[in-house]
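Heads up, the thing below is written out as structure tokens.
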Amino acid sequence: MEVVIFDSPSEVGCHVANTIEALLTSNDAPVLGLATGSSPLPAYQELITRYRSGSITFEHARAFLLDEYIGIEEDSPQSYRHFIESELTRHINMRPEALAGPLLSPASGTRAGYDYERRISEAGGIDLQLLGIGTDGHIGFNEPSSSLASRTRVKTLMAATRRDNARFFAGDEDAVPRHVITQGIGTILDARHLVLIATGSAKANIVALAVEGPVTSMVPASALQLHPHATVVLDEQAAKHLTLHDYYREMFELKPERMGL
Ligand code: GLP
């Protein structure tokens with residue numbers, strides 16, 4: 001696992017945008033996995049800026065959402081599809097039909113998870129999966145105790161996650177759905193490169209557990225330790241409890257350019 005630490009969230013965003021730019025320029029049909037939440041926003045803003053300046057194109061890119069609420073219409077402002085469209089894809093030249101989400105309609109029932117997995121594999125798998133981390137250690141919506149081998153399926157949110165996400169529902173915790181559909185941890189681990197973003201001191205404890213603690217389903221993000229190409233991009237606030245903080249800083253400063261991002 002590579003841990004990269006910057007002074008500010010905007011530098012974190014630039015680094016993640018550099019990583020995505022490297023993929024876009026080296027791959028004819030790049031497949032992105034996109035995460036919601038506030039952590040990836042500086043990266044999305046940077047990507048929009050670079051697209052507008054003509055330095056990158058998303059013409060041949062495809063994207064898969066990490067997760068989605070159940071019981072919220074896709075075009076509602078609270079849906080994750082709507083979030084990604086308004087924060088990123090509407091402002092770049094990605095074809096609207098190139099963005100896929102794990103829609104769960106009453107008719108699709110339990111098949112929705114299988115169907116989404118099939119669509120991801122038909123696209124050739126995900127090249128780069130962006131991730132945030134919940135304060136309880138969740139990635140996607142894989143709450144603690146999720147199997148590290150889990151696939152796309154329905155999950156029930158923990159009270160703490162609904163509380164954290166109430167800010168997107170005008171502060172009304174009761175309005176946050178109880179059920180979601182999420183890529184499983186096994187699905188996430190299938191992506192070729194995982195990039196987890198965390199900023200702010202509220203994430204410092206869980207980042208230390210995920211990066212330096214034991215691999216356990218009680219901290220779903222600790223599964224990144226099992227991946228051969230996982231990058232954790234942090235600001236100083238989120239990195240402050242890492243035991244090997246100085247080593248990570250040094251490792252990145254000394255990283256040979258030929259190793260890429
Ligand atoms: C939600 C999403 C996660 C995201 C998390 C953290 O729960 N399902 O994918 O990582 O929020 O969000 P934030 O980056 O706003 O802290």
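Because only heavy atoms are used, hydrogens play no part in the values below, and waters and symmetry mates are left out as well, while side chains stay in. For reference, positions follow the sequence shown, starting with 1. Counting convention: from 1, in listed order, for ligands and their atoms alike.
- Applying the salt bridge (charged side-chain N to carboxylate O under 4.0 Å, His left out) criterion to R178, with sequence neighbours excluded, gives no partner residue.
- Residues satisfying the side chain to side chain contact (heavy atoms under 4.5 Å, CB included) test with P177, not counting sequence neighbours, are Y69, I72, F169.
- Side chain of H91 to backbone of S86: a donor-acceptor contact under 3.5 angstrom is found.
- A100 meets the side chain to side chain contact (heavy atoms under 4.5 Å, CB included) test with F64, Y116, R119; sequence neighbours excluded.
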Write 'none' if nothing qualifies; otherwise put on separate lines each N/O atom of ligand 1 with a protein N/O atom under 3.5 Å away and their distance to 0.1 Å.
unit_1, atom_1, unit_2, atom_2, d
ligand 1, 7 (O), H138, NE2, 2.8
ligand 1, 7 (O), N165, ND2, 3.3
ligand 1, 8 (N), D67, OD2, 2.8
ligand 1, 8 (N), G140, O, 3.2
ligand 1, 10 (O), I133, N, 3.3
ligand 1, 14 (O), S38, N, 3.3
ligand 1, 14 (O), S39, N, 3.0
ligand 1, 14 (O), S39, OG, 2.5
ligand 1, 15 (O), S38, N, 2.7
ligand 1, 15 (O), S38, OG, 2.7
ligand 1, 15 (O), R167, NH2, 2.6
ligand 1, 16 (O), K203, NZ, 2.5

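- In this structure, the side chain of E68 engages the main chain of R81 through a donor-acceptor pair within 3.5 Å.
- Ring centers of F141 and H138: under 6.0 Å apart, within the cut-off.
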